[in-house]
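Sequence positions, counted from 1, serve as the residue numbers for this chain.
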Amino acid sequence: SSSSSSSRGRRRRAVVSSCSDDASDISSSESWLEPGSSYVAGGGVLGRSRHLLPLVTGSSRDGNGADSSSSSSNNGRSSLPQVHSPAAAAVAHAAASGNIPDGGLVAVKVQYPGALHTMTLDLVNLRTTSAFLQKTELKFDLLSAVEEMQRQIHLEFDFMREARVMDTIAQHLQQLSSHVAVPRSVPGLISQRLMVMTYMEGLPLMQLRDKVAHLSEWKRRKAARHILARVSEAYGLMILGEGLFQADGHPGNILVQPHGRVALLDYGQSKQLGAEDKRAFAELVVALKKGDKAAISAALHHLHVVTSKDDISLRSDMAYGMFDTRGRVNPFDPNCPIKQASVENFPPDMFFVLRVVQLLRGMANGMGIDDFSTAEQWAPLARKALAKAAMKDKQTRKRRKQWQRWQAQPLCDLAATAVPLRDILQDGTASKLQL
């Protein structure tokens, strides 16, 4: 009946979301893909049961706008309904093959035609603007940041890479799974321009204010701090744990789930820190937590942040502005540290770490929280990262000494300790036992 179908539709649905790039296999004339929109959502019905398949893609509109069914049978077996878009085809295949995640909900991400070209042009314009601002207003190495974005932007449009990064980060954040959720890709439904993943329920962070408006101010502040701490904890573990992190943590990519659990979306813009950069950043976090200005300045040096003045106090203020949410940055304020000393070189690999901290600071400001410190929260993770790096250095030094001793050993001693080949080959059984 229509009422039962409607109730099933409310219980089970698939979300189709569109993201950008040049996709030759996707027609821009499809009704669900609105021109000029980078993100498009559509609804449907999806379940793991095969009898629900016609509800996913079995209904389409003909030239007169009327609904027509495309399901059929062959020797008593249901055949797949006709589909008219890559997204619908992916959903149908997932349901038919049994690859639907628990709960039967998936999100389908499709690249939008022509967006890579448009974004590339935007970055060219941004580079020109940054060069002008760097010479006139902002004494900061903006060009290195823009060049890093230009290098990363092509990776963002490779959905196969994004799926690998997303699944890897989900594994790295498994210890936080009770309060941080990460989507997982659906095996076999990933291509360079299309990705099917588990659907994340939740309320977009930007809509949270209206949702909690009825609560008391004390409860709103407590909830806001709770959510901010969980998002920040996830980023701290990503950056200081394995060094692989999602670098696009704006509010649109954060959902709030029941009981304050947060879901992090969109892993196209991601970064892998090298071991030395991760160690130097861990040193900086510990120094920021302690408030040790000399150590902060030294850590900036290890990160290859070069300033026009080697003033420890000034460099410390810069570090708080760049890498701790307690710091304040107003590049147009005459008393701003970068007005007093320019940042002549900023390491490109650290740009996305800088961006994450700025996004977290913006989130804190938007929530009315002015005393939250990422450095304070991340300090235990930083100390753990430093201890792990020290242990690795110790093992490396031990292996190096063993190699040096072996190289220094006289040739005659090596001959004396070596087993002659003929002794090994004389008796196959004995040689096997010796081996």
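- Under the 6.0 Å cut-off for aromatic ring centres, Phe323 and Phe281 qualify, their centroids lying closer than that.
- Note that the CG atom of Leu273 and the CE atom of Met350 stand 6.0 Å from one another [nearest 0.5 Å].
- Here the closest non-hydrogen pair linking Arg220 and Ala213 is NH1-O, 3.6 Å.
- Using a 4.5 Å heavy-atom cutoff, the side chains of Leu237 and Gln175 are in contact.
- With rounding to the nearest 0.5 Å, the separation of CG in Leu314 from NZ in Lys309 is 7.0 Å.
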Steps toward side chain to side chain contact (heavy atoms under 4.5 Å, CB included) verdict (Glu233, Val180): CA-CA 9 Å; Glu233 181 185 17; Val180 177; 5.6 Å; no
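- Interatomic distance, CZ of Arg230 versus OG of Ser178, reported as 6.5 Å (0.5 Å rounding).
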Residues Met238, Ile169; criterion side chain to side chain contact (heavy atoms under 4.5 Å, CB included); working and verdict: CA-CA 7 Å; Met238 283 188 280; Ile169 290 178; 3.6 Å; yes
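- In terms of heavy-atom proximity, Ala170 sits nearest to Pro183 at CB-O, 4.3 Å.
- Using a distance-only test at 3.5 Å, with no hydrogens or angles considered, a donor-acceptor pair links the side chain of Thr325 to the main chain of Phe372.
- Counting non-hydrogen atoms of other residues, nucleotides and ligands closer than 6.0 Å to NE2 of His226 gives a total above 12.
- Salt-bridge check for Arg225 with Asp371: passed, with a basic side-chain N closer than 4.0 Å to an acidic carboxylate O.
- Here the shortest heavy-atom pairing between Gly241 and Lys278 reads O-NZ, 2.7 Å.
- Proximity of a side-chain donor or acceptor of Gln257 to a complementary backbone N or O of Glu201 within less than 3.5 Å is detected.
- Proximity of Arg161 to Ser270: side-chain heavy atoms (C-beta onward) are separated by under 4.5 Å at one or more points.
- With hydrogens and angles disregarded, a donor-acceptor distance shorter than 3.5 Å links the side chain of Glu162 to the backbone of Tyr267.
- Side-chain atoms of Gln358 come within 3.5 Å of backbone atoms of Gly321 as a donor-acceptor pair (strictly under, hydrogens ignored).
- Side-chain atoms of Trp378 come within 3.5 Å of backbone atoms of Ser232 as a donor-acceptor pair (strictly under, hydrogens ignored).
- The two residues Met197 and Met166 make their nearest non-hydrogen contact at CB-CE, 4.0 Å.
- Residues Arg279 and Glu283 are not paired through a salt bridge, judged by the lack of any N-O separation under 4.0 Å between the basic side chain and the carboxylate.
- A side-chain donor-acceptor contact under 3.5 Å links Ser308 to the backbone of Ser342.
- To the nearest 0.5 angstrom, Ile254 atom CD1 is 8.0 Å from Gln246 atom CD.
- Here the side chains of Thr307 and Met318 are in contact, with some heavy-atom distance below 4.5 Å.
- When atom types are taken as modelled, the side chain of Asn345 and the backbone of Val306 share no donor-acceptor pair closer than 3.5 angstrom.
- For Arg209, the CZ atom is loosely surrounded, since the number of other residues' heavy atoms within 6.0 Å does not exceed 12.
- Looking at heavy atoms from C-beta onward, Leu205 lies in side-chain contact with Met367 at the 4.5 angstrom threshold.
- Listed for the Tyr320 side chain is a donor-acceptor partner under 3.5 Å among the backbone atoms of Leu288.
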Worked verdict on Asn365 versus Arg328 for side chain to side chain contact (heavy atoms under 4.5 Å, CB included): CA-CA 11 Å; Asn365 291 339; Arg328 293 292 177 264; 4.1 Å; yes
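- Between Ser297 and Asp310, the closest heavy-atom pair is OG-OD1, 4.4 Å.
- Here the side chain of Thr168 pairs a donor or acceptor atom with the backbone of Arg164 at under 3.5 angstrom.
- Atom CG of residue Asp277 and atom CG of residue Leu303 lie 6.5 Å apart, to the nearest 0.5 angstrom.
- Separation of atoms CD1 (Ile190) and CE (Met195) is listed at 6.0 Å; rounding is to 0.5 Å.
- Within a 6.0 Å sphere centred on CD of Glu344, heavy atoms belonging to other residues, nucleotides or ligands number more than 12.
- You'll find the side chain of Leu284 reaches within 4.5 Å of the side chain of Ile296, heavy atoms only.
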Could you give me the CA-CA distance, side-chain angles and deciding distance for Arg400 and Thr396, then say whether side chain to side chain contact (heavy atoms under 4.5 Å, CB included) is met? CA-CA 6 Å; Arg400 186 180 295 116; Thr396 301; 3.6 Å; yes
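- Looking at Lys271 and Val353, their side chains never come closer than 4.5 Å, going by heavy atoms from C-beta outward.
- Heavy atoms from other residues, nucleotides or ligands lying under 6.0 Å from CD of Glu376 number 12 at most.
- Across His304 and Pro347, no two heavy atoms sit closer than the pair O-CD, 3.8 Å.
- Contact annotation: the side chain of Gln395 approaches that of Met391 to within less than 4.5 Å [non-hydrogen atoms, C-beta and beyond].
- Contact check for Ser185 versus Val196: no side-chain heavy atoms found under the 4.5 Å cut-off.
- A donor-acceptor pair under 3.5 Å links the side-chain atoms of Arg361 to the main chain of Asp324, judged by distance alone.
- In summary, Arg355 and Asp248 engage in a salt bridge, as defined by a charged side-chain N under 4.0 Å from a carboxylate O.
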